[in-house]
Amino acid sequence: MSIEKRFFGKLDGKGDVDIYKITNKNGAFVELMTLGAGIHSINVPDRNGKLGDVVLGFDDVNNYLNPDLGYQGLVVGRYANRIRDAKFSMDGVEYNTPKNQGTWTLHGGGRFSFNIWEVKETGNDFVVFSFFSPDMQDGFPGNFTMNVKYTFDDSNTLKIEYFVLSDKKTVANPTNHAYFNLNGAGSGSAMEQILQIRASHYTPVIDAKSIPTGEIASVDGTPFDFREAKPMGRDIEQANDQLSYGHGYDHNFVLDKERAGLEKIATAYSTKSGIKMDVITDCIGMQLYTANFIQGQKVQGGAVCKERDAFCLETQYFPNSINEPNFTTPLTEAGKSYDTKTVYAFSIA
Ligand code: GAL
């Protein structure tokens with residue numbers, strides 16, 4: 001294993017962004033960047049041994065700053081996904097968070113994604129990024145530090161560990177927003193790729209704002225049933241209110257987990273490249289987002305991506321859980337560190 005640092009680019013008004021490239025003994029590598037503690041690329045071999053990048057990224061670092069380009073590869077904090085009406089109450093106090101989309105908060109307002117993180121530590125196979133957010137910044141209580149450690153290994157496994165510490169009781173729901181295409185970024189639609197999710201339930205949404213109703217609904221007999229592996233896009237055009245609200249899949253799955261701790265909960269596979277990706281997590285939820293709002297954006301190498309040319313598997317607590325009595329709230333107690341892990345493991349099947 002080896003690690004190399006290089007300058008990536010200048011961010012308008014924000015400073016220099018660096019990339020940390022971690023390479024394993026077979027030459028497979030990941031590139032992680034100080035902007036948003038983000039994943040810039042994941043280069044793994046296909047069944048013929050040819051290396052390809054299986055996540056969308058940008059050649060121009062400034063493109064990552066545009067929220068309309070979809071938070072590609074970036075870490076999302078403090079609170080992933082939606083907060084209804086951009087407010088929540090905790091212990092009788094109301095907190096107001098940014099209305100950065102419509103009337104709600106998306107991805108904590110974007111601060112953790114669209115700023116440069118400090119590098120705390122590196123080793124041959126890992127890098128630790130850190131971001132500090134002061135008490136009440138963007139309306140969230142607590143002087144709050146998030147460290148994100150990425151580790152890559154010789155078996156092409158990328159592990160992401162999130163460590164959170166706050167000096168006041170607060171909410172925390174970190175995730176990573178990588179867009180995968182197992183035939184390679186910019187290779188066209190990902191909807192033929194096979195997906196299996198260990199989830200018997202999902203959280204339907206009220207309308208096109210994609211905020212959950214609070215119901216935990218069975219996937220039985222719906223396009224949301226991924227318990228048996230199927231091409232991701234097989235049912236995506238079915239007449240279904242939920243799919244039309246999201247313009248495709250943009251929904252949280254309630255993972256069937258038998259115990260707390262790391263478990264394999266999803267597998268994606270491309271019959272074309274032979275690349276398989278297992279998702280292993282200790283989270284209780286996962287958003288499947290079929291890149292429904294990507295519109296003609298140029299990714300690395302100049303290829304143009306459109307909707308459905310990638311998919312996201314964002315491990316998390318359920319969206320809007322802080323306002324939803326039916327969902328588990330991701331609370332962090334003062335001075336008590338909280339951590340969560342997700343692993344993306346690549347192999348050939
Ligand atoms: C997803 C979200 C989508 C979209 C995307 C960023 O997590 O569910 O609706 O906003 O992030 O473009």
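Ligands are counted one by one from 1 in listed order, and the atoms in each one are counted from 1 as well. Since this is a predicted model, take the numbers as computed values, not measurements. The first residue of the sequence shown is numbered 1, and numbering continues consecutively from there. Heavy atoms only: backbone and side chains are in, while hydrogens, waters and symmetry mates are out.
- Considering both main-chain and side-chain atoms, His177 comes within under 3.5 Å of ligand 1 through a nitrogen or oxygen pair.
- Proximity to Arg82 (heavy-atom distance under 4.0 Å) selects the following atoms of ligand 1: 2 (C), 3 (C), 8 (O), 9 (O).
- A salt bridge between Arg6 and Glu31 is present, with a side-chain N of the basic residue lying under 4.0 Å from a carboxylate O of the acidic one.
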Inset, instruction - Report the C-alpha distance between Thr340 and Asp282 in whole Å, list the side-chain angles of each, state the deciding distance to 0.1 Å, and finish with yes or no for side chain to side chain donor-acceptor pair (under 3.5 Å). - result: CA-CA 6 Å; Thr340 169; Asp282 58 10; 2.8 Å; yes
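- Backbone and side-chain nitrogen or oxygen atoms of His107 are examined, and one is located within less than 3.5 angstrom of a nitrogen or oxygen of ligand 1.
- When Tyr202, Tyr289, Phe224 are each tested for a side chain to side chain contact (heavy atoms under 4.5 Å, CB included) with Tyr249, only one passes: Phe224.
- Ligand 1 places these atoms under 4.0 Å from at least one heavy atom of Glu314: 1 (C), 7 (O).
- Relative to the six-membered ring of Phe226, Lys230 meets both conditions, a distance below 6.0 Å and an angle of at most 45° to the axis.
- Counting only non-hydrogen atoms, the option in Val76, Asp250, Asp68 that gets closest to atom 2 (C) of ligand 1 is Asp250.
- Near Leu106, meaning under 4.0 Å from one of its heavy atoms, ligand 1 places the atoms 10 (O).
- Regarding atom 12 (O) of ligand 1, its nearest protein heavy-atom neighbour is Gly70 CA, 3.4 Å.
- Checked against the 6.0 Å centroid criterion, the rings of Phe180 and Tyr344 qualify as a close aromatic pair.
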